[in-house]
Amino acid sequence: MSDLIREQFEAAVVERMKESGYLEVEIRVECLQRHGDGYQDGSVDAYWHFWQVSRKTLVIELPKGVGVLPTGNVHAVDLANAVNNTLMECRKAIKAQGSGVKP
């Protein structure tokens with residue numbers, strides 16, 4: 001999982017635990033102490049596991065790209081390339097959020 005995913009998870013834990021009256025420093029020191037790829041606190045470690053699973057199971061299907069157009073029209077080819085590049089950037093952004101993209 002990316003650093004962004006972990007940052008989002010930790011921010012969510014802090015936000016929720018502050019609602020219960022804990023101070024952010026307490027949460028970060030006592031609950032978000034890292035242990036390997038997880039957390040020393042057993043509950044937070046379990047939440048982290050489920051958070052990651054939820055991100056991995058979310059799969060987004062994007063529209064198909066545009067094939068090469070046989071017309072020889074330069075503008076049509078440029079448009080097809082632009083669409084394909086945009087879809088590729090969307091795939092990268094979705095994967096960076098920890099979600100999957102159907103091929």
Tell me which donor-acceptor pairs under 3.5 Å the side chains of residues 11-23 have, and how far apart each pair is, sequence neighbours excluded?
from : atom 1 : to  : atom 2 : distance (Å)
R16  : NH1    : E19 : OE1    : 3.1

* Examine L4 and V101 and state if one hydrophobic cluster contains both, with Ile, Leu, Val, Met, Phe, Trp and Tyr joined whenever side-chain heavy atoms are less than 4.5 Å apart. => no
Residues at least two apart in sequence or cross-chain that pass salt bridge (Lys or Arg N to Asp or Glu O under 4.0 Å) with R34, listed by chain then number, are E10
Would R55 and I5 count as a side chain to side chain contact (heavy atoms under 4.5 Å, CB included) if you check the C-alpha gap in whole Å, the side-chain angles of each, and the deciding distance to 0.1 Å?
-> CA-CA 9 Å; R55 293 296 182 99; I5 302 301; 3.0 Å; yes
Note: with side-chain heavy atoms under 4.5 Å as the link, the other cluster members for M88 come out as none
dist K102:NZ -> R91:CZ (nearest 0.5 Å) comes out at 12.5 Å
ask   = Within the distance-only criterion (no hydrogens, no angle test), does the side chain of W51 pair as donor or acceptor with the backbone N or O of Q8 below 3.5 angstrom?
value = no
Quiz item: Do the rings of Y39 and F9 sit parallel, tilted or perpendicular, given the 30° and 60° boundaries?
Solution: tilted
Separation between CG (N84) and CG (L79), nearest 0.5 Å, reads 9.5 Å
* To do: Verify the neighbour count for atom CG of D37: are there more than 12 heavy atoms of other residues, nucleotides or ligands below 6.0 Å?
  => no
